[in-house]
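First up is the structure itself, then whatever we jot down about it.
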Amino acid sequence: MTVTAYSFTVLSLRIASNDNTQIAIAATVTRWYDANARDLAWRRPGASPWGVLVSEVMLQQTQVSRVEPAWQTWMERWPTPAHLAADPPGEAIRAWDRLGYPRRALRLHACATAIVERHDGEVPDDVEALLALPGIGTYTARAVAAFAFRQRHPVVDTNVRRVVARAVAGEADGGANTTPADLRAVEVLLPEDEEAAARASVAFMELGAVVCTARAPRCEECPLTAVCAWRLAGSPPPDGPARRSQRYHGTDRYVRGLLMAVLRASDTPVPAERLDAVWPDADQRHRALAGLLADGLVRRREETYALPG
DNA sequence: GACACGTGGAT
DNA sequence: TATCCAAGTGT
């Protein structure tokens with residue numbers, strides 16, 4: 001049998017996880033979380049697995065402050081997957097309002113439908129089944145399994161990548177996407193006990209969200225300040241290439257947003273001319289509309305357009 | 001693996 | 001005002 005570099009890495013991580021400092025990290029952050037956690041509706045004891053799932057989808061690339069009211073409204077209207085599945089997908093898109101990335105709303109509706117069809121209306125409690133649902137990827141599947149069902153899984157989002165990159169690896173930032181190595185690196189930090197691991201997972205995320213932030217970390221408030229490898233190395237700046245800055249104004253995404261806003265606001269199909277009025281560049285407008293049609297976010301009927309019924 | 005995909009809070 | 005970037009997923 002060949003001993004690969006990968007198995008060396010895993011072995012050294014296993015050894016590292018037995019190190020006192022490594023073990024102390026989860027306990028320390030969890031203790032900090034117990035004293036400092038924000039009171040978010042989807043974290044309360046009464047929150048259902050469906051509520052947790054909805055919150056995780058809404059939180060994808062979207063700030064907590066914008067999600068809170070949207071989640072409340074959504075859960076009152078569609079308290080279970082069956083409630084959502086019973087309404088047309090266009091209603092989910094309309095209710096999504098300005099949360100952004102409306103494909104998430106369409107997929108959440110498809111997700112509810114799949115839960116009703118494949119799981120008797122109950123959110124599944126295993127990562128494999130969750131991963132098979134529309135709009136549920138590496139992060140969200142594990143987040144739901146951990147936070148709704150109190151299981152032990154590495155829950156790795158941008159916050160956790162950053163916290164671990166800094167505290168453990170001594171780097172300024174985590175990668176742009178979660179890799180299998182990231183999952184492994186976080187997994188070895190988790191306590192063996194399932195409930196304790198689930199609590200450590202929220203705690204890591206919370207620390208990254210409110211203290212170990214991307215722009216101006218509040219290291220004075222950080223429970224890991226004494227052991228943080230990045231801090232101990234003098235907080236070196238990021239070394240890799242700077243990520244490309246994303247423009248929005250005037251992009252296809254922007255035009256898609258303009259078109260969707262018109263369609264959301266209308267209870268009746270919208271004539272093509274009304275859409276023509278939102279943006280002067282006809283080429284770009286057509287490209288945006290074609291994309292929306294291809295994505296299933298918009299339906300055409302003759303010369304009118306509407307959200308999918 | 002890079003890229004597309006919305007919208008707005010924070011600085 | 002401009003720029004960063006926010007609990008990612010799917011292609």
Side-chain angles (χ1 to χ4, degrees), chain A residues 33 37-38 40-43 51-71 93 96-108 110-111 130-148 153-163 173-180 182-183 186 198 201-210 212-218 238 241-264 278 284 287-288 290-292 294-298:
Chain A
Y33 178 81
R38 290 169 293 178
L40 304 177
W42 48 87
R43 285 180 181 165
V52 172
L53 189 154
V54 170
S55 78
E56 293 301 343
V57 172
M58 287 185 169
L59 286 162
Q60 292 167 6
Q61 302 286 282
T62 306
Q63 303 95 320
V64 167
S65 63
R66 299 172 60 210
V67 166
E68 281 184 302
W71 185 87
I93 295 167
W96 201 254
D97 196 37
R98 305 188 65 81
L99 270 187
Y101 292 144
R103 302 200 278 201
R104 292 183 292 166
L106 187 60
R107 293 201 180 114
L108 188 51
C111 180
L130 285 161
L131 276 173
L133 296 171
I136 308 297
T138 305
Y139 163 76
T140 306
R142 289 171 177 77
V144 171
F147 303 150
H153 299 284
V155 181
V156 184
D157 71 336
T158 187
N159 291 306
V160 176
R161 289 197 301 276
R162 187 173 54 248
V163 167
D173 274 308
N177 297 111
T178 294
T179 65
D182 291 330
L183 292 177
V186 171
S201 291
V202 230
F204 284 137
M205 290 180 59
E206 186 79 347
L207 186 69
V210 310
C212 191
T213 54
R215 200 99 72 105
R218 300 162 168 75
R243 60 177 84 170
R244 253 184 47 203
S245 85
Q246 47 167 8
R247 248 158 245 78
Y248 176 57
H249 231 82
T251 61
D252 286 4
R253 253 146 81 179
Y254 176 75
V255 177
R256 285 168 59 111
L258 294 177
L259 296 171
M260 288 302 292
V262 171
L263 296 174
R264 277 196 310 266
V278 305
Q284 193 178 18
R287 196 163 60 235
L292 292 171
D295 288 346
L297 287 165
V298 176

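The chains referred to below are lettered A, B, ... by the order of the sequence lines, with proteins before strands, and numbering in each begins at 1. Side-chain atoms are counted along with the backbone in the values below, which use heavy atoms only and exclude waters and symmetry mates. Model, not experiment: these values are computed from the prediction.
Ranking C/dA7, C/dT9, B/dC5 by closeness to the A/Val64 side chain, first place goes to C/dA7. Ranking B/dA10, C/dA6, B/dT7 by closeness to the A/Arg215 side chain, first place goes to B/dA10.
In terms of position along DNA chain C, the nucleotide closest to A/Leu59 lies nearer the 5' end than the nucleotide closest to the other residue of the pair A/Leu59 and A/Arg107. Checking A/Glu56 against A/Pro134, the closest nucleotide of DNA chain C that is more toward the 5' end is the one next to A/Glu56.
Rounded to an integer number of Å, the gap from CZ of A/Arg98 to P of B/dG9 is 11 Å. Summarising the geometry, the separation between OH on A/Tyr248 and P on B/dA4 is reported as 15 Å, rounded to the nearest angstrom. To the nearest angstrom, P of B/dC3 lies 12 Å from CG of A/Asn177. Protein atom CG of A/Asp182 is 16 Å distant from nucleotide atom P of C/dA7, rounded to whole Å. Atoms CD (A/Glu68) and P (C/dA6) sit 18 Å apart, rounded to a whole Å.
In this structure, A/Asp295 pairs ionically with A/Arg256, as a charged nitrogen and a carboxylate oxygen lie closer than 4.0 Å. Salt bridge annotation for A/Glu56-A/Arg142: absent, with no cationic side-chain nitrogen under 4.0 angstrom from a carboxylate oxygen.
For the residue pair A/Thr62/A/Arg104, the side-chain donor-acceptor check at 3.5 Å is satisfied.
Applying the 3.5 Å distance criterion, the base of B/dG6 shares a donor-acceptor pair with the side chain of A/Arg253. With hydrogens and angles left out, the side chain of A/Ser65 and the base of B/dG8 share no donor-acceptor pair within 3.5 Å.
Between A/Arg264 and A/Arg98, some side-chain heavy-atom pair lies under the 4.5 Å cut-off.
A/Gly137 comes within 4.0 angstrom of the backbone, heavy atoms only, and of no base.
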